[in-house]
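Structure first, commentary second.
It should be emphasised that the depicted structure is a prediction, and the values quoted were computed from it without experimental measurement. In what follows, every chain begins at residue 1, and chains take the letters A, B, ... in the order their sequences are listed.
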Protein chains: 2
Amino acid sequence: MADQKVQTLDRAFDVIELLATSKDGLGVTEIGQQLGLHKSTVHRLLNALSNRGYIEKNPRNNTYKIGLRFVEISGLFLKQLELKTEALPFMRRLAEIVGQPVHLAILDGNEVIYIEKVELVNTIRMYSQIGRRVPVHCSAIGKTLLSGLSSERLQEVLGKLQYEPFTPNTLCSQEQLLAAVQHVIKTGWALDNEEHEPGIRCIAAPVYDYTGKVIAAVSVSGDKRIIHPERDEEIAAHVVRTAQEISKRMGYIDK
Amino acid sequence: MADQKVQTLDRAFDVIELLATSKDGLGVTEIGQQLGLHKSTVHRLLNALSNRGYIEKNPRNNTYKIGLRFVEISGLFLKQLELKTEALPFMRRLAEIVGQPVHLAILDGNEVIYIEKVELVNTIRMYSQIGRRVPVHCSAIGKTLLSGLSSERLQEVLGKLQYEPFTPNTLCSQEQLLAAVQHVIKTGWALDNEEHEPGIRCIAAPVYDYTGKVIAAVSVSGDKRIIHPERDEEIAAHVVRTAQEISKRMGYIDK
DNA sequence: AACGATGTTTCATATAGTGAAACGCAGGTG
DNA sequence: CACCTGCGTTTCACTATATGAAACATCGTT
């Protein structure tokens, strides 16, 4: 049966999860009392787990806490995570919810590169393609990625941009773009209000990894009649949640 | 017996550790073959672990990999780590190896604050005290902590320092201090060559946490006849190793 | 010194975990 | 299309492992 239990494993992880939420470490008897296990059972499990480093004993007061081996296993796992692989299921779900194409992109120098894209069958064909570069200053994703830069690096990038006007709405100055980036920092999401293509609006949010850095941005794009200004907050909420879920997959630890 | 095994736990963690070092996920039969376990045993363990999220199954190709629950447990643990608690055993060991007082300090604005200190019984009494602030520009710890700042923040701090000369060796200019900080970045450790107290030399190295940021510095201080220039590389190696061990405890993931 | 609580160890016993066997399924081949 | 192979999944008789009651060791408190 797929949901068959293994009693010893369940007990061991009950112990681990209890210790993970306990700040000061717990003793054998205390753990047994909180989990309804005999103290000799707890003692045996703790010994086995500490032999492998998943739990550590404080010999001064005979309390146990989570061991470094958890961090090591987690680190091994995080190191080999592939953003696109982790992101895809969440992007698909977002595409289904909003009914519009979803992109994942990163910053490369002063440009945005799309690295993943999900679109449903009967949505309008976006010009965007995986691998395509788009300008930072007039994309929601660009502003989002800029929001993750240090102030110094941001100034450097802003100073190098060309501010080519694509539409009447394109932000054409450093001041305007800086204000937009600050808005992202404040609200947690960015808007492209027909700034790159006439009739196309876009909403994006940042993706973080375990170091707390912005590593990518995820976005929804579509015709202005669908990504209508009245729906901005609603759609932004979906995009932000998707970005948060991807961040969690990448090991981001909430403060 | 303290090293008594719990077979089921050991088998489960063998599976976990195999998956942690396998990039693409493994199937039931493959895991069984590599660990010398029957595939029905492996299947049961995988099911139990995936029910709790410690392992995840890829339903497309029936392979298993480490699950997000490991990252969550690790995150819970890392969030509540206390630097001083984790650092103390390593500081004690360093003090025993070098035979001199060992400090742990952080940056507070433009000053260094000692937050922990270990000294052996018969070492010379340092003026340093826990809680004491010392100037950034003429301490090994100060230069180490400066090395962890962004370029912009570093310039900001360097611009605000007073460069009060404590000894003939004190670095008295922004250029000198910047060069010293760049030396730390390059070599991984910093030297106070009688820059703060006549006759006292000091060697420090940076401590990182799981985000990859410099959160503290650890140092050894002593009389110049003991912390002799001829011993700098040797002592620096010990200090760097101690800082690396503390970093590892704080969840730092090596690249 | 006595007591109480906790941690540690022992060992008889019950049951949880094991693995052999069988079955289901998917992909490859002729 | 039928057959074969390998893998994943499930079943169940059996036994080896994990359990917990009891005893012992240790430590802090009175």
Please report the distance, rounded to the nearest Å, between CG in B:Leu49 and C1' in C:dG17. 14 Å
Are any of the side-chain nitrogens in B:Arg249 or B:Glu82 under 4.0 Å away from the carboxylate oxygens of its partner? no
Atom pair distance, as rounded to whole Å: NZ in A:Lys57 and P in C:dG7: 9 Å
Among B:Val42, B:Leu49, B:Val28, B:Leu18, which residue meets the side chain to side chain contact (heavy atoms under 4.5 Å, CB included) test with B:Tyr64? B:Val28
Interatomic spacing from OG1 in B:Thr242 to CE in B:Met91 - rounded to 0.5 Å: 9.5 Å
Once you round it to whole Å, what is the distance between P of D:dA18 and CG of B:Leu9? 8 Å
Pull out every protein N or O sitting under 3.5 Å from an N or O of nucleotides 18-24 of chain C, one pair per line with the distance.
| unit_1 | atom_1 | unit_2 | atom_2 | d |
| --- | --- | --- | --- | --- |
| C:dT18 | OP1 | B:Arg11 | NH1 | 3.0 |
| C:dT18 | OP2 | B:Arg44 | NH1 | 2.9 |
| C:dG19 | OP2 | B:Thr41 | OG1 | 2.7 |
| C:dG19 | N7 | B:Ser40 | OG | 2.6 |
| C:dG19 | O6 | B:Arg44 | NH2 | 3.2 |
| C:dA20 | N7 | B:His38 | NE2 | 3.2 |
| C:dA20 | N6 | B:Ser40 | OG | 3.3 |

Reported CD1-to-CD1 distance for the pair A:Ile97 and A:Ile235, which is rounded to 0.5 angstrom: 11.5 Å
Between A:His43 and C:dG7, is there a side-chain N or O to OP1/OP2 distance below 4.0 Å? no
Output the rounded distance in Å from CD (A:Gln33) to P (C:dT6). 6 Å
In whole angstrom, what separates B:Asp14's CG from C:dG17's C1'? 16 Å
Nearest 0.5 Å, what's the CD1-CD1 distance between B:Ile203 and B:Ile141? 12.0 Å
Within this structure, what is the CG-to-C1' distance between B:Leu46 and D:dT10, rounded to whole angstrom? 15 Å
Once rounded to the nearest 0.5 Å, what's the spacing between atom CG of A:Asp223 and atom CZ of A:Arg201? 10.5 Å
Quick check on the helix from C:dA1-D:dT30 to C:dG30-D:dC1: what's the angle between its two end axes, five base pairs per end, to the nearest 10°? 40°
Rounded to the nearest angstrom, tell me the gap between atom CG in B:Asp10 and atom C1' in C:dG17. 15 Å
Is it the case that atom CZ in B:Arg52 sees more than 12 heavy atoms from other parts of the structure closer than 6.0 Å? yes
When rounded to the nearest 0.5 angstrom, what is the spacing between CG in A:Asp192 and OG1 in A:Thr144? 10.0 Å
Rounded distance in Å - CG (A:Asn47) to P (D:dA18): 14 Å
Quick one: closest heavy-atom pair of A:Phe70 and A:Tyr54, and the distance? CD1-O, 3.6 Å
